[in-house]
Amino acid sequence: VQLQASGGGLVQAGGSLRLSCGAPGRTFSRSHMAWFRQAPGKEREFVAAISRGGGTTSYADSVKGRFTISKDNSKNTMYLQMDGLKPEDTAVYYCAADSAILTAPIGRTTSQYDYWGQGTLVTVSS
C-alpha cells in the first residue's frame, strides 16, 4: 500500500501551502500518521504527527506555531497546513502511516512508520 502526497509547489517566503495525503481505496483511520521531510544532502527528518483519532499532535520545534497537522478519517485524508514558510522549509515532504497497533504511541522516527507516500516537493524562495 502506498500513500499519495500532493499539494507541493513553489511559494515565496512568508506564504502558505496545504499538503494532502491519502490512499485511494484504503482507510488509515486506525493509524497514527505523520509528515517527514528531506532536504537535498540531508537526512529525512520528522515534521509533525497525529494520533489515529486526531486528538493528539506532535511537532518538530522548527515548525511549531507555523504548521498544523490534521486528519479527516471520513475522507481518509491527512493534511499539513504550512504557514509562514521559510527558505529552510524547502524539501521533499513525505507522509507516512503506522500499522495501527493499538498500544503504539505516536512516532517521531521513520522506523515507527510502515507505509509511505512518494513525496511532494515544496520550494520556498527568498
Side-chain angles (χ1 to χ4, degrees):
V1 176
Q2 183 164 12
L3 297 165
Q4 294 181 2
S6 62
L10 174 63
V11 64
Q12 289 188 332
S16 298
L17 283 175
R18 189 176 80 155
L19 305 183
S20 300
C21 173
R26 172 71 186 261
T27 178
F28 285 93
S29 61
R30 296 184 178 184
S31 294
H32 299 323
M33 299 185 73
W35 290 96
F36 290 79
R37 66 187 182 186
Q38 188 167 17
K42 295 187 177 181
E43 293 187 352
R44 193 170 298 189
E45 66 174 4
F46 171 76
V47 175
I50 189 165
S51 61
R52 57 183 62 87
T56 302
T57 57
S58 178
Y59 295 93
D61 288 343
S62 59
V63 307
K64 198 172 294 183
R66 300 187 296 122
F67 291 9
T68 303
I69 188 171
S70 61
K71 192 171 184 265
D72 187 339
N73 286 332
S74 67
K75 296 182 179 180
N76 296 327
T77 304
M78 176 180 65
Y79 304 97
L80 184 68
Q81 177 67 41
M82 304 186 294
D83 300 315
L85 283 161
K86 304 176 181 179
E88 51 263 44
D89 293 318
T90 295
V92 176
Y93 284 70
Y94 297 91
C95 59
D98 71 10
S99 292
I101 299 173
L102 294 180
T103 57
I106 297 177
R108 296 170 65 99
T109 63
T110 57
S111 62
Q112 292 174 280
Y113 293 90
D114 304 287
Y115 306 102
W116 290 86
Q118 82 287 2
T120 185
L121 177 62
V122 172
T123 304
V124 184
S125 62
S126 58

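Note that this is a predicted model, so its numbers are computed, not measured. The basis for the numbers below is simple: all heavy atoms, side chains too, and nothing from hydrogens, waters or symmetry mates. Counting begins at 1 with the first residue of the sequence.
Atom OG of Ser70 is separated from atom CD1 of Ile50 by 6.0 Å, given to the nearest 0.5 angstrom. Going from atom OG of Ser99 over to atom CZ of Arg30 covers 13.5 Å, rounded to the nearest 0.5 Å. Distance check: Met33 CE to Asn73 CG gives 9.0 Å after rounding to the nearest 0.5 Å. Taken to the nearest 0.5 Å, the CG atom of Leu80 stands 10.5 Å off from the SG atom of Cys21. Between the CD atom in Glu45 and the CD atom in Glu43 there is a gap of 10.0 Å [rounded to 0.5 Å]. In this structure, OG1 in Thr77 is found 10.5 Å from CG in Leu3, a value given to the nearest 0.5 Å.
Arg52 and Ser29 are not linked by any side-chain donor-acceptor pair at a separation below 3.5 angstrom, with hydrogens and angles left out of the test. Side-chain N/O atoms of Thr27 and Asn76 include a donor and acceptor closer than 3.5 Å.
No donor-acceptor pair under 3.5 Å is formed between the side chain of Ser58 and the backbone N or O of Ala48.
A pairwise comparison of heavy atoms in Tyr59 and Ile69 identifies OH-N, 2.9 Å as the closest pair. Minimum heavy-atom separation, Lys71 to Ser51: CD-O, 3.7 Å. Contact record, Gln118 with Ala5: NE2-O, 3.0 Å, taken as the closest heavy-atom pair. Residues Thr90 and Ala39 approach most closely at O-CB, 3.7 Å, considering heavy atoms. Here the shortest heavy-atom pairing between Tyr113 and Ala96 reads CB-CB, 3.7 Å. In plain terms, the two heavy atoms of Leu17 and Val11 that are nearest each other are CD1-CG1, 4.1 Å.
With contacts defined as side-chain heavy-atom distances shorter than 4.5 Å, the pair Leu19/Val122 qualifies. At a threshold of 4.5 Å between non-hydrogen side-chain atoms, the residues Lys86 and Arg66 count as touching.
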Requested in this report: Let me see the working for Tyr93 and Arg37 under side-chain hydrogen bond (donor to acceptor under 3.5 Å, both in side chains), right down to the final yes or no.
Outcome: CA-CA 4 Å; Tyr93 284 70; Arg37 66 187 182 186; 2.9 Å; yes

Report task. Just do the side-chain contact (heavy atoms from CB on, under 4.5 Å) check on Ile106 and His32 with the steps written out, would you? Result -> CA-CA 6 Å; Ile106 297 177; His32 299 323; 4.2 Å; yes

Report task. Give the C-alpha distance, both sets of side-chain angles, the deciding distance and a yes or no for side-chain hydrogen bond (donor to acceptor under 3.5 Å, both in side chains) between Ser16 and Asp83. Result -> CA-CA 4 Å; Ser16 298; Asp83 300 315; 2.7 Å; yes

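Trp35 has its ring centre no less than 6.0 Å from the ring centre of Phe67. You'll find the ring centres of Tyr94 and Phe36 outside the 6.0 Å limit.
For the pair Arg26 and Tyr115, the cation sits on the ring face: its NZ or CZ lies under 6.0 Å from the ring centre, inside 45° of the axis.
Residues Tyr79 and Leu85 do not share a hydrophobic cluster, clusters being chains of Ile/Leu/Val/Met/Phe/Trp/Tyr side chains in contact below 4.5 Å.
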